Amino acid sequence: QVQLVESGGGSVQSGGSLILSCAASGVTRSSYAMGWVRQAPGQGREGVAAIENDDSTAYESSVKGRFTISLDNAKKVVYLKIDNLLPEDTAMYYCALALDPHNSIMSTMEGLEYDYWGQGTQVTVSS
């Protein structure tokens, strides 16, 4: 049974940085992708970054240059480093995992084509 546990959220001031982590357990497939999806109050879920275990990555255009996703394949831990946080980054951030993804990593991210989801970690940015 796959489980995802996020950590690292919090309240920060605009311009600050955060690192979110997500540890996956129960993953036995050799091919998988992990990503981060955020949901701001009153908004739908939005994929912001994703990575496959071959290190292919994808980013939502508005976060490029500020968000960096990385994967420790041995530990199955995905990280999201967020620099220069903006108030509009305030959201619940969910970790998600796709097993044996069939489409491109960009398609996985944009289409939220994930099989498993974490509980989320809140990021609040004050101006």
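The figures here come from the full heavy-atom set of this structure, side chains too, leaving out hydrogens, waters and symmetry mates. Quick caveat: nothing in here was measured; it's all calculated off a predicted structure.
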Calculate, to the nearest 0.5 Å, the distance between atoms [atom1] and [atom2] belonging to [X] and [Y] respectively.
X	Y	atom1	atom2	answer
Cys95	Gln3	SG	CD	12.5 Å
Leu99	Ser31	CG	OG	8.5 Å
Arg45	Met92	CZ	CE	9.5 Å
Ile105	Thr57	CD1	OG1	8.0 Å
Ile19	Asp83	CD1	CG	8.0 Å
Thr68	Tyr79	OG1	OH	14.0 Å

Hydrophobic cluster identity match, [X] and [Y], side-chain contacts under 4.5 Å:
X	Y	answer
Val78	Tyr116	yes
Val48	Val125	yes
Met34	Val37	no
Val2	Tyr32	yes
Tyr94	Val63	no

Out of the candidates Met109, Glu110, Glu60, only one should pair with Glu46 under the side-chain contact (heavy atoms from CB on, under 4.5 Å) rule; please name it. Glu60

Taking all heavy atoms of [X] and all of [Y], pick out the closest pair and write down the distance.
X	Y	answer
Ala24	Leu4	CB-CD2, 3.5 Å
Asn84	Ser17	N-OG, 4.2 Å
Ser21	Trp36	O-CH2, 3.5 Å
Ser14	Leu86	OG-CA, 4.3 Å
Val123	Leu20	CG2-CD2, 4.0 Å
Ala91	Arg38	CB-CB, 3.9 Å

Does [Y] offer a backbone N or O that forms a donor-acceptor pair with the side chain of [X] under 3.5 Å?
X	Y	answer
Arg29	Asp100	no
Glu6	Gly120	yes
Thr124	Thr90	no
Tyr59	Ile69	yes
Glu52	Asp54	no

Using the side chain to side chain contact (heavy atoms under 4.5 Å, CB included) rule, take Glu113 and Ser107 through it: C-alpha gap first, then chi angles, then the decisive distance, then the call. CA-CA 8 Å; Glu113 298 168 357; Ser107 176; 3.2 Å; yes

Could you tell me if Asn103 and Thr108 have a donor-acceptor pair between their side chains, going purely by distance under 3.5 Å? no

If you draw a 6.0 Å radius around CD in Gln119, do more than 12 non-hydrogen atoms from other residues or ligands fall strictly inside? no

Gln13 CD: over 12 foreign heavy atoms closer than 6.0 Å: no

Is there a side-chain contact between Leu97 and Lys76 (heavy atoms, below 4.5 Å)? no

Parallel under 30°, tilted from 30 to 60°, perpendicular over 60°: which one fits the rings of Tyr93 and Phe67? tilted

